[in-house]
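Given the structure is predicted, the values throughout are model-derived calculations rather than measurements. Atom set for the values below is all heavy atoms of this structure, side chains included, hydrogens, waters and symmetry mates excluded. Residue numbers start from 1 in every chain, and the chains themselves are labelled A, B, ... in the order their sequence lines are given, proteins ahead of strands.
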Number of protein chains: 2
Amino acid sequence: MSLNNGELSERKKLILKAIIDAHIENGEPVGSRYIMQNAQIAYSSATIRNEMAELEELGYLEQPHTSAGRVPSELGYRFYVDTMLSHYAMTQREIAELNNLMRVKQAEVDTILEQASKLASALTNYTGISVKPKPTAASISRFETVWVDSRSFILVMVTSTGVAKSKFVRLGFDASRETAARLAAALNANLAGLSADQITLPAIMRMEAAMGIDSVLVNPIIKCIYETMSELDDGDVRFEGINRLLQYPEYADIGRFKRLLGALEEKQDILDLVSGARADNVNIYIGSENTVDVMQNSSLIFKTVHRRGHTVGAIGIIGPCRMDYSRVVTMIEHLATQVSSMLDGDESQTNLLNGGEHNAGKG
Amino acid sequence: MSLNNGELSERKKLILKAIIDAHIENGEPVGSRYIMQNAQIAYSSATIRNEMAELEELGYLEQPHTSAGRVPSELGYRFYVDTMLSHYAMTQREIAELNNLMRVKQAEVDTILEQASKLASALTNYTGISVKPKPTAASISRFETVWVDSRSFILVMVTSTGVAKSKFVRLGFDASRETAARLAAALNANLAGLSADQITLPAIMRMEAAMGIDSVLVNPIIKCIYETMSELDDGDVRFEGINRLLQYPEYADIGRFKRLLGALEEKQDILDLVSGARADNVNIYIGSENTVDVMQNSSLIFKTVHRRGHTVGAIGIIGPCRMDYSRVVTMIEHLATQVSSMLDGDESQTNLLNGGEHNAGKG
DNA sequence: GTTTAGCACTTCACCTGTTTGAGTGCTAAA
DNA sequence: TTTAGCACTCAAACAGGTGAAGTGCTAAAC
């Protein structure tokens, strides 16, 4: 029977693992006879049946209907993932494909994340996900104004994370050298050091009062800063290979798939999930552990990606609860690590940095 | 019988329209009796049956199986769309929602397109699509170098379409005022006027030779230009509300839906399609008219979006061939026009233009 | 006390044949 | 040229039967 401390006996663990492995393999409920024959378990089917019944009572297994085999419950998967995940050895081909990522042309973070997600999807055969979270921690550390001519300049906002946004600003009038200098100084004095959510109307009004500069000048710049911050503040979630999910019988029910798709388009939930995730390890959310409850019957596995110690995104996959966790975890682990080191190494090698569109006054 | 010139008799047209309307309405094969009763066609079911048989022979109708009603063929839909599309009058609510789009906060083109696509999806209940095509026509009209300090500057590339890209460039050494000036001049002399695909290795080598500047300086800039052009050159296709399609019986077959999804992820095909589309009107691709042949049984409807006379994108929807064309076409027409005028009006009102990320040397 | 063989029972999946209803094509009459 | 009538076709829905897989339980074996 069950041990007094509530832990599973070794034999139960063995049987549970065998059942989960088998189910992951073929997707069907697994019966006692199958376990007896295919796993190295030297007990009769009757004994295994008894253990299975107890495992079900403990919540690790479920039975679709009376005369069906057993299927792992979410608790079962969780236990499996937490305590008996075996190490997956990547094949040569997989390693090669992963290394290939390094050859990707130098690109901005977004592009790299997307590429990685695509690769994750291809390697695991699940839906890849790339997340660019809200950099809530980011604050503006300084402003630079670079004047193109007397009535237009590029406003560069450098954030504490080392990322900068630039905006092309055109004034309706000529600004003197002196005004220009005063502008930059005032911006730095009043807004530098503030985080995205601190740049609010009061802060701006304070600045406007303190600056003593024509509001005609300040106004468009304020608008510009606002915009930029909101752009910076916007997270994004992208998926690659949603169609891959359709090959799994778990999603043969079109209704369930539809609900999952709907949930995925509510990107905010996923952003929240990723924002609250651990940075040091692969995160695994199984079934209803997902806050998004429509995502039941699906697992979300991802790892955050870093650059110079800051989280700049996450990559992972979404698939049915029944998935080859050891393989997937290994893949995501490697991939995220690879991307992180790529982002860091990248920095030291080159001076070319990602830029953006401006609109020129005339062609 | 069929008229000698191959055109359909009025009665055939009437019956064809009645069948298509009915099929669009309820999605099922429509029979002769139904047409006789529900449409204003004062002939017996037998007569209608005869006409239907002929319409089938002419290719406008199809029969799923012997004892089923008729279903419009792609040719039938095409004929319907080309010659008998009735004007759809938008409801107050629809007009309100469309006008609401105008209130969207000032944002970059991408965001606006995406918003519009979302709205299109919501209004039509099909999958929205937003396309940012390759601006193949774009050429670089001039370069500007804006020096931040002696070893870093922002390289601004203004394209003929009035859009500009900026890149932050940091050199490993100090550049003299004179070198800086020579650089800008050389860039303009050798690369200005070239289109994206003309900036090739030969052109660059020519410039490198002609410039007579240290290649240490030229090298990172070349890299930078290359990158920028490829970014500029990259189109993008985005979808909103893919799950909406699943409500239609056309996509109840999970295999077909899977193939469609796969095709949609091959964004290049759609980019090509949009690039070759007419700019002045709503484009309708029905079923296998799509070059992407997996998209059979689906229609793609879109209209290009303009800014100052240049195509900057397209918005539309994807749905089953059986769709309420008149309604959808009206929607997309209005939406795209709205966005275009918004982009143009927007320009004249504000001086704030979309910018991008730079990476600062240090935080 | 633990394990196992044996057996009755349950449930689903599959196959079969039958019925039903919608819709057609054809023919002959109006 | 149109229409009423009728035989025919086919898919979908229904009902019953069979078999396989797998369980739970009991009693015997270790």
#### Entry: Among D:dT3, C:dT3, D:dA11, the one nearest B:S44 by side-chain distance
D:dT3
### Message
Can you measure A:Y43 atom OH to C:dG1 atom C1' for me and round it to whole angstrom units?
### Response
14 Å
### Summary
Closest of C:dT4, D:dT9, C:dT24 to the B:S67 side chain is D:dT9
### Query
What nucleotide, of D:dG24, D:dG5, D:dT2, holds the atom closest to the side chain of A:A53?
D:dG24
### Summary
Re C:dA30: Watson-Crick or G-U wobble partner, both distances kept under 3.5 Å, found to be D:dT1
### Task
Please answer whether the main-chain N or O of A:S117 pairs with a side-chain N or O of A:S121 as donor and acceptor at a distance below 3.5 Å.
no
### Message
Please pick, from C:dT4, D:dT23, D:dT3, the nucleotide with the shortest atom-to-atom distance to any side-chain atom of B:T47.
### Response
D:dT3
### Query
Within this structure, what is the CD1-to-C1' distance between A:I48 and D:dT23, rounded to whole angstrom?
14 Å
### Message
Does the Lys NZ or Arg CZ of A:R11 fall within the cation-pi geometry relative to A:Y43 - under 6.0 Å from the ring centre and within 45° of the axis?
### Response
yes
### Query
Just how far, in rounded Å, is C1' of C:dT24 from CD of B:E57?
15 Å
### Message
In whole Å, I'd like the distance from the CD1 atom of B:I35 to the C1' atom of C:dA22.
### Response
15 Å
### Message
If you compare every side-chain N and O of A:R11 against the phosphate oxygens of C:dT2 (OP1, OP2), does one of them come in below 4.0 Å?
### Response
no
### Query
Counting only distance, no hydrogens or angles, is the base of D:dG5 paired donor-acceptor with the side chain of B:R49 under 3.5 Å?
yes
### Message
In this structure, how many angstroms lie between the P atom of C:dT3 and the NZ atom of A:K12, rounded?
### Response
10 Å
### Query
Looking at A:R78 and A:E74, does any basic side-chain N land under 4.0 Å from a carboxylate oxygen?
no
### Message
Expressed as a whole number of angstroms, how long is the span from A:E51:CD to C:dT4:C1'?
### Response
14 Å
### Task
Go through C:dT11, C:dT24, C:dT4 for me and flag the one nearest to the B:S32 side chain.
C:dT24
### Query
Quick one: is C:dT4 close enough that its OP1 or OP2 comes under 4.0 Å of any side-chain N or O from A:R33?
no
#### Entry: Gap between atoms NE2 and P, on B:H23 and C:dG23 respectively (whole Å)
14 Å
### Query
Between C:dG25 atom C1' and B:N50 atom CG, what is the distance in whole Å?
9 Å
### Query
Is the distance between the ring centroids of B:Y126 and B:Y248 under 6.0 Å?
yes
### Closest-nucleotide 5' rank along DNA chain D - winner of B:H65 and B:A42
B:A42
#### Entry: Nucleotide forming a Watson-Crick or wobble pair with C:dT3, both distances under 3.5 Å
D:dA28
### Task
Check whether the ring centres of A:Y88 and A:Y325 lie less than 6.0 Å apart, and answer yes or no.
no
### Summary
Against the side chain of B:A46, the closest entry in D:dT3, C:dT24, C:dT4 is D:dT3
